Amino acid sequence: NAGVTQTPKFQVLKTGQSMTLQCAQDMNHNSMYWYRQDPGMGLRLIYYSASEGTTDKGEVPNGYNVSRLNKREFSLRLESAAPSQTSVYFCASSGPRDFDTEAFFGQGTRLTVV
Amino acid sequence: ILNVEQSPQSLHVQEGDSTNFTCSFPSSNFYALHWYRWETAKSPEALFVMTLNGDEKKKGRISATLNTKEGYSYLYIKGSQPEDSATYLCAFSRLEYGNKLVFGAGTILRVKS
């Protein structure tokens, strides 16, 4: 049982380049999340998906797009990377109940934009 | 945007000390309050999920309480050990946002042996 799998683990981009961070979970969870972690700021929610086909903005959505094409996968896309997007990105999932269930996190993607 | 605040920002204690942290959140339309433990170079792992006012949870030396009417939760660690060193995060969700979790900035705990 793999849990939440994120790829890649590390990435260096040049300013203006695009990339997609992939996330997949095998726990039949409804909810999926993308967070970014910056020093002193904990985890900030970028986007949230309550179920397949639905997405909702979080605290810091600017510069990102997401796609939830099926229940297992939730991808995060940076269309034109900026140095301010240098961060560690975490994908998470929770469910199948949407009331009192804990979130499970992937291993994180360390992204550097130069 | 939900505002979740944690205090203190960091804490240094000696092995054997007991300690506690606070998580403050908006009290209206409360849905759930989560506590996570986050070790360096790892991913956050859940400690507790709390949903009812007055709820108390315990796991070994770690316990938590919840007051939804005044909007706060306490996490207690009894007899801290060096392996308790980690960042402790709380996360909050509000009724109208379902399971959308918003995290506080965390409390960094360092336990010296």
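Since this is a predicted model, take the numbers as computed values, not measurements. The sequence lines fix the lettering, A, B, ..., with proteins before strands; numbering per chain opens at 1.
- Clustering ILVMFWY residues whenever any of their side-chain heavy atoms sit less than 4.5 angstrom apart, transitively, puts W34(A) in a cluster other than the one holding V102(B).
- Residue F104(A): no heavy atom, backbone or side chain, is found under 4.5 Å from chain B.
- For E39(B), the CD atom counts as densely surrounded, since its 6.0 Å shell holds more than 12 non-hydrogen atoms of other residues, nucleotides or ligands.
- The side-chain contact (heavy atoms from CB on, under 4.5 Å) search around R110(A) returns F10(A), V88(A), not counting sequence neighbours.
- Here the side chain of K100(B) pairs no donor or acceptor atom with the backbone of A50(A) at under 3.5 angstrom.
- Side-chain contact between L89(B) and L43(A) is present, with heavy atoms from C-beta onward closer than 4.5 Å.
- Nearest approach of A105(B) to G40(A), heavy atoms of both residues: CB-O, 3.8 Å.
- Annotation for F105(A) and S43(B): closest pair CB-CB, 3.9 Å, computed over non-hydrogen atoms.
- F90(A) and L76(A) are members of different hydrophobic clusters when ILVMFWY side chains are connected at heavy-atom separations under 4.5 Å.
- The structure places OH of Y35(A) at 4.5 Å from CG of L101(B), a figure rounded to the nearest 0.5 Å.
- Taking each heavy atom of W38(B) and Q37(A) in turn, the nearest pair found is CH2-CG, 3.2 Å.
- The number of heavy atoms from other shown groups lying within 6.0 Å of CD (E83(B)) is above 12.
- In the hydrophobic cluster analysis, where Ile, Leu, Val, Met, Phe, Trp and Tyr join through side-chain heavy atoms closer than 4.5 angstrom, F74(A) is grouped apart from M27(A).
- Heavy atoms of Y36(B) lying under 4.5 Å from chain A belong exclusively to its side chain.
- Residue L45(A) touches chain B through its side chain alone, counting heavy-atom pairs closer than 4.5 Å.
- Among residues at least two apart or in separate chains, disulfide (SG to SG under 2.5 Å) pairs with a member in residues 6-82 of chain B are C23(B)-C90(B).
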